[in-house]
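Notes follow once the structure below has been shown.
For clarity, every value in this text was computed on a predicted model and none was experimentally measured. As a basis for the values below, the full set of heavy atoms in this structure was taken, side chains included, without hydrogen atoms, waters or symmetry mates.
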Amino acid sequence: MTRLAQTEGLTDIQREILSTVRDFVDKEILPVATELEHRDEYPSQIVEGLKELGVFGLMIPEEYGGLGESLLTYALTVEEIARGWMSVSGIINTHFIVAYMLKQHGTQEQKDYFLPKMAAGAIRGAFSMSEPALGSDVSAISSKGVRDGDDYVLNGQKMWLTNGGSSTLVAVLCRTDEGHPEGTAPHKSMTTFLVEKEAGFGEVRPGLTIPGKIDKMGYKGVDTTELIMDGLRIPADRVLGGETGRGFYHMMDGVEVGRVNVAARGCGVAQRAFELGVSYAQQRHTFGKPIAQHQAIQFKLAEMATKVEAAHAMMVNAARKKDSGQRNDLEAGMAKYLASEYCKEVVEDAFRIHGGYGFSKEYEIERLYREAPMLLIGEGTAEIQKMIIGRRLLEEYRIQG
């Protein structure tokens, strides 16, 4: 073993992609990540570099100008990027989810128009499901789209929109009661709208306002925003898939692969935390020897490394299950839950190994310590994952009679 989290059975192309990305992370992200993060500065140069590498089109089919790679390749790429700076992987993730939803559910016209531009990074995606009073209860969405001639008029307020300012295409989930009689289940009265806009803040198109960045504890650099729709007119041909009432299914499909992405981010951050911890433990001396030679620290390193390996294995399994065309909500839920929890624990152990210096902003572990908690809630909390896992287990192990 040369290092943790190796993946067996990769093709030469996959290994080449990952080697290129890892080299980019080491040279272009790690040296500047902490400084940019402390300034809460959008990593424009890094994003441009990733566009040149083709990362924005990694899973978009070749016929639309992408690389046509698998979810596994994408997840392993995200793992490498998150190892450098988790915020950058967030910029990629929202773009990827919208591209995936278009690829799976868009009309041919929508695919032809959006996917080539998304593959080149000329259009950058974000998706918007949550609302201020929503939390995990997607059925309580109050934003609404009403048909008016050849358009829909959208009104409502959305929350926690990653890439809200820098994106130019947002997949927005709204209620659409048209054609759905009273008493229809809420999830059958939702529609995804493809909203094009200018990058930036303020009124980015008539009826659509991005107020500004939300100030966060961590996950800085990437812009997280609200989205306010007030009489926003959207052509009917910008309903994803051309059919209302399918939005909940579109979003859940996107979130499912997004959970693999969050698991990959947890793996990447945990790997970096382990690297920092094992390195510092060999440099810091107490009682006449490196602290790595103290049994208590060796126990900590052993636990950290085991957690990194376990999370990586579950993430890879979830990605491969999705790539095979099989249902993977159980595997994705388990991977997201385990990887995010283990990430938090590995980061905290690395923080403890650093002692007082871990509390200093001069040390990278301080940044990771503030970033890890976001993974506990992103793409569904631990409690939501447990509900998904529990229900699926009861389906698989239902007793007869």
Side-chain angles (χ1 to χ4, degrees), residues 3-5 22 24-46 78-91 162 213-224 262 265-308 311 339-378:
R3 66 178 183 91
L4 295 176
R22 187 177 183 87
F24 181 85
V25 168
D26 288 340
K27 292 179 179 178
E28 305 296 334
I29 298 182
L30 280 172
V32 300
T34 296
E35 180 183 351
L36 291 176
E37 196 271 349
H38 287 168
R39 296 204 303 258
D40 197 9
E41 181 177 326
Y42 187 81
S44 299
Q45 189 171 338
I46 292 172
V78 166
E79 183 180 39
E80 294 289 358
I81 293 171
R83 173 182 157 269
W85 185 12
M86 192 182 76
S87 292
V88 178
S89 64
I91 293 170
T162 301
K213 293 197 299 184
I214 297 169
D215 193 15
K216 300 163 295 186
M217 174 179 75
Y219 198 40
K220 293 180 178 291
V222 59
D223 44 285
T224 304
V262 172
R265 284 196 255 178
C267 292
V269 174
Q271 283 184 48
R272 184 58 181 166
F274 175 80
E275 291 171 4
L276 295 172
V278 75
S279 175
Y280 185 82
Q282 295 173 77
Q283 298 172 48
R284 172 70 168 162
H285 286 67
T286 61
F287 305 103
K289 59 183 178 181
I291 62 172
Q293 294 183 19
H294 295 295
Q295 190 179 64
I297 299 300
Q298 290 180 9
F299 283 0
K300 230 180 246 305
L301 293 172
E303 292 169 0
M304 291 162 68
T306 301
K307 289 173 181 177
V308 169
S340 58
E341 294 291 335
Y342 275 1
C343 174
K344 177 202 69 172
E345 294 170 10
V346 171
V347 167
E348 182 170 335
D349 280 342
F351 176 85
R352 290 173 182 270
I353 287 172
H354 280 76
Y357 290 106
F359 211 61
S360 168
K361 287 196 172 185
E362 293 182 23
Y363 284 75
E364 188 180 339
I365 191 62
E366 180 270 344
R367 168 170 63 83
L368 271 59
Y369 194 76
R370 288 183 289 104
E371 290 178 339
M374 197 286 292
L375 298 172
L376 300 174
I377 53 177

*Using the test side-chain contact (heavy atoms from CB on, under 4.5 Å), find all partners of Glu341 that sit at least two apart in sequence or belong to another chain.*
Tyr337, Lys344, Leu376, Ala382

*Is the shortest heavy-atom distance from the side chain of Arg83 to the side chain of Leu30 under 4.5 Å?*
yes

*Nearest-0.5 Å distance that lies between atom CD1 in Ile46 and atom CD1 in Ile91*: 8.0 Å

*Ignoring hydrogens and angles, tell me if any N or O in the side chain of Ser89 forms a donor-acceptor pair with the backbone of Met86 under 3.5 Å.*
yes

*Rounded to the nearest 0.5 Å, what's the gap from CE on Met374 to OG1 on Thr224? Could you check?*
8.0 Å

*asked:* Tell me the closest heavy-atom pair linking Ile297 and Ala281, and the distance in Å.
replied: CG2-CB, 3.9 Å

_Heavy-atom neighbours of Gln298 CD exceed 12 at 6.0 Å_ = yes

*Heavy-atom pair of closest approach, residues Val346 and Ala270*: CG1-O, 3.5 Å

*asked:* Using the rule side-chain hydrogen bond (donor to acceptor under 3.5 Å, both in side chains), only one of Arg370, Lys361, Lys220 pairs with Glu37; which is it?
replied: Arg370

*Would you mind reporting whether Lys216 and Val222 have side-chain heavy atoms less than 4.5 Å apart?*
yes

*Do Leu368 and Leu276 have side-chain heavy atoms sitting under 4.5 Å apart?*
yes

*Looking only at heavy atoms, which two atoms of Ala5 and Val308 are closest? And how far apart?*
CB-CG1, 4.5 Å

_Spacing of OH belonging to Tyr219 relative to CZ belonging to Arg265, to within rounding of 0.5 Å_ = 4.0 Å

*Please report the shortest heavy-atom distance between Gly277 and Ile353, naming the atom on each side.*
O-CG2, 3.7 Å

*So, Ser279 versus Gln283: side-chain donor-acceptor pair below 3.5 Å or not?*
yes

*Kindly compute the distance separating OG (Ser87) from CD1 (Ile29), expressed to the nearest 0.5 Å.*
10.5 Å

*All pairs passing salt bridge (charged side-chain N to carboxylate O under 4.0 Å, His left out) where residues 345-360 contributes a residue, at least two apart*: Lys300-Asp349, Lys307-Glu345, Glu348-Arg352

_Considering all heavy atoms, the nearest Pro373-Met217 contact_ = CG-CE, 3.8 Å

*Can you see which heavy atom on Gly84 is nearest to which on Ala33, and at what distance?*
O-CB, 3.7 Å

*In Å and rounded to the nearest 0.5 Å, what is the NE2 to CZ distance from His294 to Phe299?*
13.5 Å

*asked:* Check this for me, if you would: do Arg22 and Glu80 make a salt bridge, where the nitrogen-to-carboxylate-oxygen distance has to be below 4.0 angstrom?
replied: yes

*What is the distance from atom CD of Glu371 to atom CZ of Arg272, rounded to the nearest 0.5 Å?*
11.5 Å

*asked:* Is any side-chain heavy atom of Leu301 closer than 4.5 Å to one of Met304?
replied: yes

*Restricting to pairs with a member in residues 267-287, which pass ring-ring contact (aromatic ring centres under 6.0 Å, His included), not counting sequence neighbours?*
Tyr280-His354

*May I ask you to test the Thr34-Tyr363 pair for a side-chain heavy-atom distance under 4.5 Å?*
no

